[in-house]
Engineer: 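What follows is a single structure, and I will ask about it in a moment.
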Amino acid sequence: MDKVVALAKRRGFIFPSSEIYGGIAGFWDYGPLGTEFKNNIKRDWWRNMVYGRDDIVGLDAAIVMNPEVWKASGHLDSFTDPLVECKTCHERIRADQEEAIREHEAEHAANKEEVAWTEPKTFNLMTEVLLGATEPKQKAYLRGEITQGVFVNFSNILSTSRVKIPFGVAQVGKAFRNEVTPGNLTFRSREFEQMELEYFIKPDEKEGEKTFDYWKKERMKWYLLLGMNKENLRFRKHESDERAHYARIAEDIEYNAPFGWKELEGIHHRGDWDLSRHKLNYKDPDTGEEYTPWVIETSGGVDRAALFFLIDAYAEDEDRALLKLHPKLAPYKAAVFPLLANKPELVDLAREIYNDLRCRYMVAWDDRGNIGKRYYSQDEIGTPYCITVDFDSLEDKTITVRDRDTTKQERVAIRDLVDYLREKL
Ligand code: GAP
């Protein structure tokens with residue numbers, strides 16, 4: 001974990017937010033490479049969910065909504081964490097975080113201090129904002145889940161698109177939770193991004209189970225197709241006392257993180273909880289039948305996916321560290337080097353290749369130091385292919401392509417390079 005945290009900072013994946021002022025707990029910025037990486041995750045998710053299917057449409061709802069939404073959805077009453085407070089130093093910790101509690105007790109024990117905890121008290125996770133210029137300002141909330149935007153737009157979506165039940169609405173966007181103990185880099189943040197599908201079905205027990213099972217498997221497949229190691233992923237069903245207030249059934253996809261098995265994505269059977277709370281119905285356009293649909297939800301954290309993809313891809317072999325990222329996720333798909341920076345004919349040809357590739361892919365340029373160092377520098381950020389222009393290239397119009405994972409090198413004709421990369425990527 002320490003190595004991934006250091007790499008993420010050193011190479012521009014993730015920075016503490018407002019770092020020059022000491023940062024702020026639970027907020028993070030994505031640097032140049034992190035932004036590409038995270039966009040690649042979101043793009044692939046969107047391609048998979050929306051472009052790849054004809055039963056799912058997209059939405060981009062506002063972060064701040066009428067506060068009545070949160071009253072109806074149950075978040076103002078029930079979106080809570082149980083907290084215990086240390087009677088010695090008044091620090092509050094989530095009652096279910098046994099490890100943090102043990103660590104806290106150990107710190108006090110080291111100072112020969114007693115620790116006593118209060119009984120757990122519930123603490124609401126919604127983040128308040130104040131709107132308007134005149135007093136009293138209007139209190140609203142930053143959305144605690146991106147989901148409600150889909151439900152409150154249910155009728156708008158039905159009347160403006162051609163979807164019919166069963167259908168889904170996909171959305172990616174920021175959510176905010178007033179987490180008491182943010183930590184483990186971006187794992188638990190106060191501002192984070194979610195990628196969610198709300199899939200509407202006819203209310204029926206069997207259909208509900210079937211759809212839940214289908215989406216559970218689809219979502220697991222997505223992580224595996226993007227290269228996450230199978231042994232680091234598992235499903236975990238929620239017990240009835242840990243399910244969110246809206247869920248009839250909940251199962252997590254968990255990742256085997258250095259800090260334990262942790263939730264990566266939640267699959268929820270929300271039944272008609274939300275639509276009935278918002279008093280919304282569906283009328284079948286063919287039969288005229290009216291009912292309140294049920295919802296099966298897949299809710300993934302973009303930042304958690306990014307963090308776990310990084311951890312999963314991190315590897316060391318002999319004297320190098322590398323990120324074995326799936327090419328779809330790697331910030332740069334290739335890097336182009338002239339063998340020597342002070343030979344204009346090499347630089348010109350390398351530039352030509354670089355400019356040609358740049359119209360198609362995110363490509364890096366590097367002409368500093370020796371080739372070995374440039375390879376290692378690209379390995380560390382997960383660039384799958386490095387392309388070197390050398391003196392032979394000037395004669396025979398071929399270049400060397402070096403593979404990140406095997407370090408094997410191949411000579412490829414410059415005119416075949418685009419096809420070669422297309423096939424590999
Ligand atoms: N709409 C359902 C929902 O929000 P959730 O299980 O509370 O369900 C879904 O959250 C996902 O959002 C989680 O699996 C996780 O990946 C991500 N997530 C939740 N809280 C987070 C936090 N504080 N920091 C980073 N990601 C978080």
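Indexing begins at 1, ligand by ligand and atom by atom, following the structure's order. Keep in mind that the numbers below use all heavy atoms, side chains included, and drop hydrogens, waters and symmetry copies.
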Engineer: Does ligand 1 come near enough to Gly301 that some N or O of the ligand is less than 3.5 Å from an N or O of the residue?
Structural biologist: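 So ligand 1 has an N or O lying under 3.5 Å from an N or O of Gly301.
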Engineer: With a heavy-atom distance limit of 4.0 Å, tell me whether Asp252 approaches ligand 1 through its side chain, its backbone, both, or neither.
Structural biologist: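 For Asp252, no heavy atom sits under 4.0 Å from ligand 1.
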Engineer: Could you check atom 15 (C) of ligand 1 against the protein and tell me its nearest heavy-atom contact, residue, atom and distance included?
Structural biologist: Arg304 NH1, 3.5 Å
Engineer: Tell me whether the count of non-hydrogen atoms from other residues, nucleotides or ligands lying under 6.0 Å of CD in Glu114 goes above 12.
Structural biologist: no
Engineer: So, is the end of the Lys38 side chain (NZ or CZ) under 6.0 Å from the ring centre of Tyr30 and within 45° of the ring's axis?
Structural biologist: yes
Engineer: Less than 6.0 Å separating the ring centroids of Phe154 and Phe200?
Structural biologist: yes
Engineer: Just heavy atoms, cut-off under 4.0 Å: does Arg190 contact ligand 1 by side chain, backbone, both, or neither?
Structural biologist: neither
Engineer: Establish, yes or no, whether the cationic atom of Arg143 lies under 6.0 Å from the six-membered ring centre of Phe176 and within 45° of the ring axis.
Structural biologist: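 Cation-pi check for Arg143 and Phe176: fails.
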Engineer: Within ligand 1, which atoms have a heavy atom of Gly266 less than 4.0 Å away?
Structural biologist: 14 (O)
Engineer: Quick one: nearest non-hydrogen protein atom to atom 24 (N) of ligand 1, plus distance?
Structural biologist: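 So the nearest neighbour among protein heavy atoms is Ser189 N, 2.9 Å.
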Engineer: Give me the ring orientation class for His268 and His238: parallel if the planes are under 30° apart, tilted from 30 to 60°, perpendicular past 60°.
Structural biologist: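 Ring orientation of His268 relative to His238: perpendicular.
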Engineer: Please report whether the ring centroid of His104 lies less than 6.0 Å from that of Trp117.
Structural biologist: yes
Engineer: Heavy-atom contacts with Glu297 under 4.0 Å: which atoms of ligand 1 show up? List them by number with element.
Structural biologist: 1 (N), 2 (C)
Engineer: Measure the distance from atom 25 (C) of ligand 1 to every protein heavy atom, then report the residue, atom name and distance (to 0.1 Å) of the closest one.
Structural biologist: Phe187 O, 3.1 Å
Engineer: Examine ligand 1 and decide if any of its atoms is less than 4.0 Å from a heavy atom belonging to Asp303.
Structural biologist: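 Judged by the 4.0 Å heavy-atom criterion, Asp303 does not count as contacting ligand 1.
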Engineer: Under 4.0 Å, heavy atoms only, figure out whether ligand 1 is touched by the backbone of Gln194, its side chain, both or neither.
Structural biologist: side chain
Engineer: Is Arg402 positioned over the aromatic face of Tyr375, cation under 6.0 angstrom from the ring centre and no more than 45 degrees off axis?
Structural biologist: yes
Engineer: At a non-hydrogen distance cut-off of under 4.0 Å, which region of Tyr255 contacts ligand 1 (side chain, backbone, both, or neither)?
Structural biologist: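 Under 4.0 Å from ligand 1, Tyr255 contributes no heavy atoms.
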Engineer: Going by heavy-atom distance to atom 3 (C) of ligand 1, choose the closest among Pro182, Ala305, Ser299.
Structural biologist: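 Shortest heavy-atom distance from atom 3 (C) of ligand 1: Ser299.
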Engineer: Hey, looking at atom 18 (N) of ligand 1, which of Phe308, Phe176, Phe192 has the closest heavy atom?
Structural biologist: Phe192
Engineer: So, for Phe308 and Tyr223, is the gap between ring centers shorter than 6.0 Å?
Structural biologist: no
Engineer: Can we say Arg102 and Glu99 salt-bridge, meaning some charged N sits less than 4.0 Å from an Asp/Glu carboxylate O?
Structural biologist: no
Engineer: Do the side chains of Lys262 and Asp252 get close enough for a salt bridge, i.e. N-O under 4.0 angstrom?
Structural biologist: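 Judged by the 4.0 Å cut-off on N to carboxylate O distance, Lys262 and Asp252 do not form a salt bridge.
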Engineer: Which of the numbered atoms in ligand 1 are under 4.0 angstrom from any heavy atom belonging to His268?
Structural biologist: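 Close to His268: 2 (C), 6 (O), 8 (O).
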Engineer: Please identify which atoms of ligand 1 are closer than 4.0 Å to at least one heavy atom of Arg270.
Structural biologist: 1 (N), 2 (C)
Engineer: Taking only heavy atoms of Glu263, which atoms of ligand 1 are found under 4.0 Å from at least one of them?
Structural biologist: 6 (O), 13 (C), 14 (O)
Engineer: Ion pair present between Asp44 and Arg47, side-chain N to carboxylate O less than 4.0 angstrom?
Structural biologist: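 Yes.
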Engineer: May I ask you to check if ligand 1 and Glu145 share an N or O to N or O distance below 3.5 Å?
Structural biologist: yes
Engineer: On the 0 to 90° scale, with breaks at 30° and 60°, tag the His245-His75 ring pair as parallel, tilted or perpendicular.
Structural biologist: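 The rings of His245 and His75 stand perpendicular, inter-plane angle above 60°.
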Engineer: Give the atoms of ligand 1, by number and element, whose distance to some non-hydrogen atom of Glu265 is under 4.0 Å.
Structural biologist: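 That gives atoms 14 (O) of ligand 1.
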Engineer: Thr147 heavy atoms, cut-off 4.0 Å: which ligand 1 atoms fall inside?
Structural biologist: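 Once the distances to Thr147 are compared, the set is 1 (N).
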Engineer: Report the part of Arg143 in contact with ligand 1, treating N, CA, C, O as backbone and CB onward as side chain, heavy atoms under 4.0 Å; options are side chain, backbone, both, neither.
Structural biologist: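 Answer for Arg143: neither.
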Engineer: Please determine if Arg234 forms a cation-pi arrangement with Trp261, meaning its NZ or CZ atom is less than 6.0 Å from the six-membered ring centre and no more than 45° off the ring axis.
Structural biologist: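 Yes.
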Engineer: Using a 3.5 Å cut-off on N or O atoms only, is Gly300 in polar contact with ligand 1?
Structural biologist: no
Engineer: State the atoms of ligand 1, each with its element, that fall below the 4.0 Å cut-off from a heavy-atom position in Glu196.
Structural biologist: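 Per the distance check, 1 (N), 2 (C), 3 (C), 4 (O).
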Engineer: If you measure from atom 7 (O) of ligand 1 to every heavy atom of His238, Gln148, Arg177, which option wins on shortest distance?
Structural biologist: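 Among His238, Gln148, Arg177, the closest heavy atom to atom 7 (O) of ligand 1 comes from Arg177.
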Engineer: May I ask whether Met195 has any heavy atom positioned less than 4.0 angstrom from an atom of ligand 1?
Structural biologist: no
Engineer: Is NZ or CZ of Lys216 both nearer than 6.0 Å to the six-membered ring centre of Phe235 and within 45° of the ring axis?
Structural biologist: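 Judged by the rule (NZ or CZ under 6.0 Å from the ring centre, within 45° of its axis), Lys216 counts as positioned above Phe235.
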